[in-house]
Amino acid sequence: MTDPRPLPGLDESFWMDSTGTPDHAHLASDTDADTVVIGAGIAGLSTAWELARAGRDVVVLEADRIAAGVTGYTTAKVSALHSLVYDRLRRTRGAEATRLFAASQRDAVERVAAIVGELGIACDLERVSAYSYAASAASLPAVEAEARAAAEAGLDASYVSGTELPFPVAGAVRADGQAQFHPRKYLLALAADLIARGGRIFERSRVTGLTEGTPCRVTVESGRAVTARNVVVATHYPVFDRAMLFARLSPRRELVVAAPIEAGEAPGGMYITEDEGKRSVRSTPLDEGRRLLIVTGESFTPGTGDPAQGFRRLDGWMRERFPVGPTAYRWAAQDNDPSDTVPLIGPFHIGARHTFVATGFGGWGMTGGVVAGRLLTALVTEAPAPPWAELYDPRRLGSAVREAPSLLGAQAEVARHFVGDRLRVGHVDSVAEIPPGSGAVVRVKGRRRAVYREPDGTVRAVSARCTHLGCLVAFNAAETAWECPCHGSRFAVDGTVLQGPAVRPLEALESGEEE
């Protein structure tokens, strides 16, 4: 039964609500560049800025608004400590690969700090410690192993028995010298400096085509195109399937709630645990004497589960443990987990010469995006590559065996949705059953339609088949969106694309309400 209680807080991220939205024109005519970067989140803008700094002529194409996609809804931890990644890497990739991963992530943290200083960016950057903690004794061995692996990899990390959280933990890894910031303030300043260096940014210019060659050609939905020697695909989830990367990525969403807290009551540092449905905690400056406590968790695959109940559980968890005021914000972040733990940054596919990709950051895009900017700039400019280039290379073949169990598991889940969702009769029997402010997939004359009824009773109907690879979408009532459980594409109730890999909207249909 649907819970009728309203969800807490404003349905928007603090990062978006606390910053303006500078306008950039759409691509109105064909143009040329040395490099075109597709996507204007932290990976795309970091890459474009590094390239412009190296003297390259860069064009950035963004489907919507810059720094307003995944990056606008992150928790913005700039940390080399990624939950429990180092022990897993040591076991699957070896000590040297683990050391290189740590070195690349430390480099990203310091790169952000250096850029903030160089450009004088007021983005609330704070250098803090990061903690990965065990909520109970059952998960303590994993945390102890992580502490050893992280220290051996070169992080300033150690095992500690206590933290600054206002509740006891069984133990934790502590890594000093990490950072947190306001991602929008940082990236909007980076974009302004990019333009000052001669770079060009085009918003609301969704890319729908890529022709590889010498040169390459990138086409947007209006038909206009950019011709460039090099192309970087930094769309979070690649919008082109030619590299078959979708088989190596698993999308997930995580919910976020945020509430004001007195500065003296806010825990210092950043915290994360894999226990209790996953919980991540940090705070950011809010106003005089107060900070905003940001709590993340309740992971789910897009198009599945009950996000509304997840928001309520997360909000309750926050209130039980912290003396916060009324919940001010709620939002959700989407991430893509790579099947072998390490992000995919480098040449787009085996035959690629001038096309590159950055994806699979596994929830740690703030450092991953900066790593991508540094690494891809070296590859594009043919400068000496950093020592971790091979580790991140999407063409890596040695990980095929290591990837097999998680890759097969992910594809089995996709197959389950692709086939199983079609066997279901439907969520409701008729359009008339859908209450105002809700949506459902309904079979009308043998065709499944994704039907949403506006609060005023108006009915919107679109095809229920995702335009990426044809899986059936499901309705996310908490965020009023259609979501594909196979590869994470998201659509507004009128069918427009909110999030890729889909680039085409859901087909508009008659509702069938009176048929």
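The residues of the chain are indexed from 1 along the displayed sequence. Everything numeric in this text was worked out from a predicted model, so none of it was measured.
Separating the CG atom in Leu498 from the OG1 atom in Thr496 is a distance of 5.5 Å, to the nearest 0.5 Å. Note that CG of Leu7 and CD of Glu479 are 10.0 Å apart. Values are rounded to the nearest 0.5 Å. In this structure, CG in Asp124 is found 11.0 Å from CG in Leu292, a value given to the nearest 0.5 Å. Here the CZ atom belonging to Arg252 is positioned 5.0 Å from the OG atom belonging to Ser299, to the nearest 0.5 angstrom. For the atom pair OG of Ser205 and CD1 of Ile38, the computed distance is 11.5 Å after rounding to the nearest 0.5 Å. Rounded to the nearest 0.5 angstrom, Leu51 CG and Thr377 OG1 are separated by 3.5 Å.
With no hydrogens or angles considered, no side-chain donor-acceptor pair links Thr359 and His236 at under 3.5 Å. Side-chain N/O atoms of Thr327 and Asp315 include a donor and acceptor closer than 3.5 Å. At a cut-off of 3.5 Å, with distance as the only test, no side-chain donor of Lys185 or Ser18 sits close to an acceptor on the other residue. Side-chain N/O atoms of Thr71 and Arg184 include no donor and acceptor closer than 3.5 Å. Donor-acceptor pairing under 3.5 Å is lacking for the side chains of Trp331 and Asp11. For the 3.5 Å distance criterion, the side chains of Ser83 and Glu274 qualify, holding a donor opposite an acceptor. Side chains of Glu221 and Thr208: no donor on one and acceptor on the other come within 3.5 Å. Judged purely by distance below 3.5 Å, without hydrogens or angles, the side chains of Ser139 and Tyr133 never pair a donor atom with an acceptor atom.
Between Tyr73 and Trp15, the distance from one ring center to the other does not fall under 6.0 angstrom.
Arg282 has its side chain within reach of Thr284: a pair of non-hydrogen atoms, C-beta onward, lies under 4.5 Å apart. In this structure the side chain of Leu194 reaches within 4.5 angstrom of the side chain of Ile201, judged on heavy atoms. Two residues are said to be in side-chain contact when any heavy atoms from C-beta on lie closer than 4.5 Å; Ile115 and Tyr186 meet this criterion. Between Pro260 and Leu293 the shortest side-chain heavy-atom distance does not fall below 4.5 Å. Side-chain contact between Val503 and Val207 is absent, with no heavy-atom pair separated by less than 4.5 Å. For the pair Thr304/Glu483, no side-chain contact is recorded, criterion being any heavy-atom separation below 4.5 Å from C-beta on. Here the side chains of Gln499 and Gln334 are in contact, with some heavy-atom distance below 4.5 Å. Side chains of Ser79 and Thr367 form no contact here, defined as non-hydrogen atoms less than 4.5 Å apart.
Salt bridge status for Arg111 with Asp107: absent, with no side-chain N to carboxylate O gap under 4.0 Å. The pair Arg279-Asp275 fails the salt-bridge criterion, with no side-chain N (NZ, NE, NH1 or NH2) lying under 4.0 Å from an Asp/Glu carboxylate O. Classification of Glu276 and Arg313 as a salt-bridged pair fails, no side-chain N sitting under 4.0 Å from a carboxylate O. Contact check on Arg290 versus Asp287 returns a salt bridge, with a Lys/Arg side-chain nitrogen under 4.0 Å from an Asp/Glu carboxylate oxygen. Look at Arg88 and Glu146 and you find no salt bridge, because none of the NZ, NE, NH1 or NH2 atoms lies under 4.0 Å from a carboxylate O. For Arg174 and Glu164, the salt-bridge test fails: no basic side-chain N is under 4.0 Å from an acidic carboxylate O. A salt bridge is absent between Glu265 and Arg291: the closest approach of a Lys/Arg side-chain nitrogen to an acidic carboxylate oxygen does not fall below 4.0 angstrom.
The aromatic rings of Phe322 and Phe167 sit perpendicular to each other, their planes meeting at more than 60°, with 30° as the lower class boundary. Classification of the His487-His468 ring pair by plane angle, with boundaries at 30° and 60°, yields perpendicular. Between Tyr86 and His82, the two ring planes are tilted [angle within 30° to 60°].
With 2.5 angstrom as the limit on SG-SG distance, Cys486 and Cys471 come in below it.
Looking at Gln180, its side chain does come within 3.5 Å of a backbone N or O of Ser283 through a donor-acceptor pair. With hydrogens and angles disregarded, no donor-acceptor distance shorter than 3.5 Å links the side chain of Ser438 to the backbone of Ile434. The main-chain N or O of His24 is found under 3.5 Å from a side-chain atom of Glu203 such that the two form a donor-acceptor pair. The backbone N or O of Ala80 lies less than 3.5 Å from a partner atom in the side chain of Gln178, making a donor-acceptor pair. Using modelled atom types, one side-chain atom of Ser104 and one backbone atom of Phe101 make a donor-acceptor pair closer than 3.5 Å. In this structure, the side chain of Arg127 engages the main chain of Gly177 through a donor-acceptor pair within 3.5 Å. A donor-acceptor pair is defined here as one N or O able to donate and one able to accept, closer than 3.5 Å; such a pair exists between the side chain of Ser13 and the backbone of Gly72. The closest donor-acceptor contact from the side chain of Lys77 to the backbone of Ser280 lies at 3.5 Å or more, if one exists at all. The main-chain N or O of Gly171 is never found under 3.5 Å from a side-chain atom of Ser161 such that the two would form a donor-acceptor pair. No side-chain donor-acceptor contact under 3.5 Å links Glu298 to the backbone of Gly310.
Screening Leu314, Ile272, Thr296, Thr273 for a side chain to side chain contact (heavy atoms under 4.5 Å, CB included) with Lys278, the sole residue that qualifies is Ile272.
When every heavy atom of Val60 is checked against every heavy atom of Ala48, the shortest pair comes out as CG2-CB, 3.5 Å. Nearest heavy atom pair, residue Trp482 against residue Ala492, reads CD1-O, 3.6 Å. The shortest heavy-atom contact between Val462 and Leu509 is C-CD1, 3.8 Å. The two residues Gly20 and Leu188 make their nearest non-hydrogen contact at O-CD1, 3.8 Å. When all heavy atoms of Thr467 and Ala502 are compared, the pair lying nearest together is OG1-CB, 3.5 Å.
For residues 16-25, the pairs satisfying salt bridge (charged side-chain N to carboxylate O under 4.0 Å, His left out) are Asp23-Arg65, with sequence neighbours left out.
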Exercise for the section: List the steps and the verdict of side chain to side chain donor-acceptor pair (under 3.5 Å) for Ser250 and Asp337. Expected result: CA-CA 5 Å; Ser250 298; Asp337 295 319; over 6 Å; no
Practice task
May I have the step-by-step check of salt bridge (charged side-chain N to carboxylate O under 4.0 Å, His left out) for Glu62 and Arg206, ending in yes or no?
Solution key: CA-CA 6 Å; Glu62 167 56 41; Arg206 184 178 298 279; over 6 Å; no
Exercise for the section: Start with the C-alpha gap between Arg330 and Glu12, add the side-chain angles, then the distance that decides, and say whether salt bridge (charged side-chain N to carboxylate O under 4.0 Å, His left out) holds. Expected result: CA-CA 6 Å; Arg330 71 176 189 277; Glu12 182 58 283; over 6 Å; no
Problem - Stepwise side chain to side chain donor-acceptor pair (under 3.5 Å) check, Trp49 with Asp193 - result: CA-CA 8 Å; Trp49 184 82; Asp193 193 67; 2.8 Å; yes
Exercise for the section: Could you go through the side-chain contact (heavy atoms from CB on, under 4.5 Å) check for Leu375 and Tyr392 one step at a time? Expected result: CA-CA 9 Å; Leu375 174 52; Tyr392 288 98; 4.0 Å; yes
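The neighbour count for Arg504 CZ, taken as heavy atoms of other residues, nucleotides or ligands under 6.0 Å away, does not exceed 12.
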